[in-house]
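Computed from a prediction, not measured in an experiment: that's the story for all the values here. FYI, side chains are in, hydrogens and waters are out, and symmetry mates aren't considered; it's all heavy atoms of this structure.
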Amino acid sequence: MLQFKTLQTKMLVSFILLVLIPVIGLGSFSYYIATRFLEKQTMQNQVQIIRLIADNIKHMLDDATDLSSFIVGNETIQSLLSQTAPSYIGDPQKTIFNYLSNLKQVKKYISFIVLYGENDFMFKDFSEFFRQVVPYEEFKESPLYMATAARNGQSNLDYSGSSLFIYAHNYNDIVLGRRILSLYDADKKLGMFFLGINRDAIRDAIQDVQISRTTNLLLFDDNYRLVASKLDDKEMSKHFKDNVNGIKNLLQPNQTWIYEIGNKKYLAANTSIEIYRWHVVSLTPMEDIQKQYGIVLSSTIILSFSLLLVAIVMSILLSKGITLPIKKLLRSMNNFKRGDFNQKVPVESKDEIGLLTQKYNEMVAQLNELIQKVYISQTNQKMIELKTLQAQIEPHFLYNTLDYIFFSSKINGDNQTAKVVQSLSELFRLSLNKGEDYYKLENEMNQIKAYINIQHARFPSRFTPIYHIDSTIGHFITLKLLLQPIVENAILHAFEPPTDRQGVLLIRSYVQGSDIVWIVQDNGNGMNPDQVEQLLYIPVRSKGGYGLRNVNERLQMMFGPEYALQINSIPDIGTTVIVRIPIIENETQWGKLYESHGH
């Protein structure tokens with residue numbers, strides 16, 4: 001491990017390393033994330049854009065298909081073509097032209113409409129220039145007729161409509177054809193309908209979309225022929241000309257992949273126009289994407305070095321700012337070590353160094369006072385230890401004294417006094433319980449019996465105690481001194497003033513589900529609801545009456561609000577107090593409950 005002579009050098013090197021490592025790591029990670037994001041974003045953009053293009057072209061082809069279906073099912077056209085010979089009464093050419101001309105005006109992609117009737121009726125209309133149409137009987141020998149007739153009324157898309165026209169080598173159309181069948185007799189063939197889709201309209205759907213300056217968009221039909229392309233790339237056009245296998249490899253189902261043309265690599269993306277089995281493909285040169293990687297790398301390097309330079313300058317200033325006050329404090333400590341106790345270092349900041357300096361000054365100023373406090377503290381500690389020993393002796397002295405009085409009373413034949421003294425001794429022993437705040441339920445019962453014996457000796461004619469105790473609950477654990485305040489309240493208040501009615505104090509216990517229930521019941525004076533409320537929730541500073549409130553609060557704090565005291569009282573009838581506690585089988589359960597601060 002490197003050793004440094006000064007803290008400033010150590011801090012400077014540490015700060016630089018702490019900054020250098022994260023900067024390099026963060027720069028590398030940022031470059032990796034940025035390039036992956038750029039590549040992923042480029043892929044996603046290409047896929048989304050070609051899907052959008054495919055949707056637009058599909059909408060155009062769907063629209064043309066629906067339009068052709070609408071036209072061949074028109075009642076007027078069906079009626080004209082159902083005649084044995086074409087009737088020109090009412091000018092059917094004009095009727096059809098008026099019906100179809102508006103469609104050509106709205107649908108700009110329509111380049112021509114040609115309608116052949118089996119009854120020798122013929123209609124033709126063109127959007128831009130007139131064309132010579134091939135006679136129907138001659139057209140029936142063409143592949144276009146055969147392909148359309150084979151569809152038996154369904155639409156048929158063909159790459160070229162050259163079979164329809166005499167001079168068709170310069171025409172730039174995609175042809176949609178349908179055989180016209182009678183609406184009332186599907187086996188009756190009425191003629192053929194052809195609608196031209198201008199390739200320029202399809203090319204416009206590609207030209208208007210911009211992915212990048214060098215990205216080319218290609219449209220292939222179901223026979224692997226190039227329908228349209230965005231860029232006029234001669235090398236690419238040459239590659240795909242009559243190259244069915246190359247086009248099939250390009251139209252693989254992967255969303256994005258690397259495709260090579262010559263020695264040039266492209267990031268390719270492909271989507272299909274499902275119904276028509278056409279494909280839209282985008283090709284972006286990888287060298288253009290890698291140029292963007294270079295820009296990201298240059299920006300990352302420049303930013304990283306800039307951050308490192310700033311970090312070095314800040315580290316120098318920060319290390320000096322930290323070590324200078326420490327050096328001053330160190331010089332003062334050396335003076336203090338040599339015996340100069342009148343040291344005081346100026347506090348120049350409010351940070352931890354300033355706080356350390358302030359505390360150091362306070363330490364020097366209070367040193368003599370601290371020595372005096374330590375001396376007094378040691379003396380007081382000895383006094384506390386002595387008093388603790390005395391406090392340990394006093395309970396034993398009290399028990400021994402009570403035992404002497406008990407045996408003396410027995411010897412002298414005073415059994416009543418002996419019984420009271422024995423109960424008092426038992427009461428003290430159980431109440432103190434070696435300082436613990438819990439004991440077994442049998443101790444609680446013994447403690448309350450001892451208390452009742454003492455009170456009954458004082459007031460022998462005031463009440464008669466009755467016990468109905470479940471003997472199986474004695475080994476369970478409980479808070480100490482739960483019943484004594486309740487019994488005390490009943491003895492002192494329920495039977496005061498004395499009446500002709502004999503007082504009865506019933507103490508009963510039993511198990512109910514997972515709880516133990518204690519009932520303290522008397523037939524004394526009773527209370528109204530306000531008195532019960534005041535007894536349970538008596539203000540803390542009030543005089544007296546806090547015994548029941550204390551028991552109620554301890555029950556709820558230890559076991560929860562559902563274990564609050566229940567007091568049912570009727571004036572001149574009596575009072576019943578119900579105490580419920582959960583069954584706690586051993587000290588381990590009690591310890592866990594106590595460590596979790598009760599419920």
Side-chain angles (χ1 to χ4, degrees), residues 402 406 415-433 437-496 498-499 501-527 535 547-548 550-552 554-555 559 563-570 573-585:
L402 291 174
F406 169 73
N415 293 328
Q416 180 68 19
T417 302
K419 184 178 179 181
V420 172
V421 171
Q422 185 182 24
S423 297
L424 182 59
S425 177
E426 181 73 2
L427 180 65
F428 281 147
R429 182 181 66 80
L430 294 173
S431 298
L432 292 174
N433 194 36
D437 60 353
Y438 67 94
Y439 48 36
K440 294 183 178 180
L441 280 171
E442 61 184 5
N443 291 337
E444 175 74 5
M445 196 61 238
N446 292 335
Q447 194 267 352
I448 202 62
K449 285 180 177 179
Y451 177 77
I452 290 176
N453 288 338
I454 295 171
Q455 293 289 23
H456 195 257
R458 294 177 60 198
F459 312 107
S461 60
R462 178 174 292 187
F463 67 95
T464 299
I466 300 175
Y467 304 98
H468 294 301
I469 307 299
D470 187 344
S471 60
T472 63
I473 67 173
H475 65 283
F476 295 136
I477 303 297
T478 182
L479 280 169
K480 70 178 185 180
L481 296 177
L482 286 180
L483 300 180
Q484 188 272 335
I486 301 171
V487 171
E488 178 183 3
N489 188 74
I491 294 174
L492 297 182
H493 300 289
F495 308 114
E496 180 67 26
T499 63
R501 181 175 54 183
Q502 176 62 35
V504 176
L505 180 62
L506 172 64
I507 298 177
R508 185 158 56 101
S509 71
Y510 56 88
V511 176
Q512 185 181 66
S514 60
D515 294 336
I516 297 171
V517 180
W518 288 87
I519 295 178
V520 179
Q521 184 175 3
D522 65 71
N523 62 343
N525 298 323
M527 297 177 286
L535 195 62
L548 287 183
N550 179 273
V551 172
N552 189 39
R554 285 196 297 146
L555 283 171
F559 306 124
Y563 288 94
L565 278 181
Q566 299 179 31
I567 300 179
N568 301 316
S569 186
I570 301 175
I573 299 297
T575 302
T576 300
V577 180
I578 301 174
V579 179
R580 283 195 315 116
I581 60 173
I583 294 178
I584 302 174
E585 297 185 353

ask   = Would I583 and V511 satisfy side-chain contact (heavy atoms from CB on, under 4.5 Å), going step by step from the backbone distance to the final call?
value = CA-CA 9 Å; I583 294 178; V511 176; 4.0 Å; yes
request  = Please examine the side chains of L441 and W518, heavy atoms only from C-beta on, and report whether any two atoms are closer than 4.5 Å.
outcome  = yes
Which residues share a salt bridge (charged side-chain N to carboxylate O under 4.0 Å, His left out) with E496, sequence neighbours left out = R462
inquiry  = Counting C-beta onward and ignoring hydrogens, is there a side-chain heavy-atom pair between L482 and E444 closer than 4.5 Å?
reply    = yes
inquiry  = Does any part of the side chain of I452, heavy atoms only, come nearer than 4.5 Å to the side chain of Y467, both counted from C-beta?
reply    = yes
request  = Indicate yes or no for a side-chain donor-acceptor contact from N446 to the backbone of E442 under 3.5 Å, with no hydrogens or angles considered.
outcome  = yes
key: Under 3.5 Å donor-acceptor, D522 side chain and L505 backbone   = no
Identify each donor-acceptor pair in which a side-chain atom of residues 575-582 lies under 3.5 Å from a protein atom, sequence neighbours left out, and give them as a table.
unit_1	atom_1	unit_2	atom_2	d
T575	OG1	S569	OG	2.8
R580	NH1	D515	OD2	2.4
R580	NH2	E562	O	2.8

message = Can you confirm whether I466 sits close enough to V504 that some side-chain heavy atom of one is under 4.5 Å from a side-chain heavy atom of the other?
response = yes
ask   = Residues two or more places apart in sequence or in another chain: which of them pass side chain to side chain donor-acceptor pair (under 3.5 Å) with N525?
value = none
note = Distance col, row D470:CG vs M445:CE, nearest 0.5 angstrom, shows 12.0 Å
key: Side chain to side chain, F463 and N523, heavy atoms closer than 4.5 Å   = no
task = Any chance you could lay out the side-chain contact (heavy atoms from CB on, under 4.5 Å) test for I584 and F559, step after step, and finish with the verdict?
result = CA-CA 11 Å; I584 302 174; F559 306 124; 3.8 Å; yes
request  = Can you measure from CG (N489) to CG (L548) and round to the nearest 0.5 angstrom?
outcome  = 4.5 Å
ask   = Roughly how far apart are M527 CE and I573 CD1, rounded to 0.5 Å?
value = 13.5 Å
ask   = Under the 6.0 Å and 45° cation-pi test, does K440 pair with F476?
value = no
task = Please tell me if the side chains of V487 and I507 come closer than 4.5 Å, counting only heavy atoms from C-beta onward.
result = yes
message = Between N443 and Y439 (side chain of the first, backbone of the second, donor and acceptor by atom type, cut-off under 3.5 Å), is there such a pair?
response = no
message = I'd like to check Q447 versus L481 (side-chain heavy atoms, cut-off strictly below 4.5 Å). Are they in contact?
response = yes
key: Atom pair CD (Q455) and CG (L492), whose distance is rounded to the nearest 0.5 Å   = 5.5 Å
ask   = Could you state the interatomic distance from OG (S509) to CD1 (I469), rounded to the nearest 0.5 Å?
value = 4.0 Å
request  = Please round to the nearest 0.5 Å and tell me the distance separating atom NE2 of H456 and atom OH of Y451.
outcome  = 13.5 Å
ask   = Do I477 and E585 come within less than 4.5 Å of each other through their side chains, counting heavy atoms only?
value = no
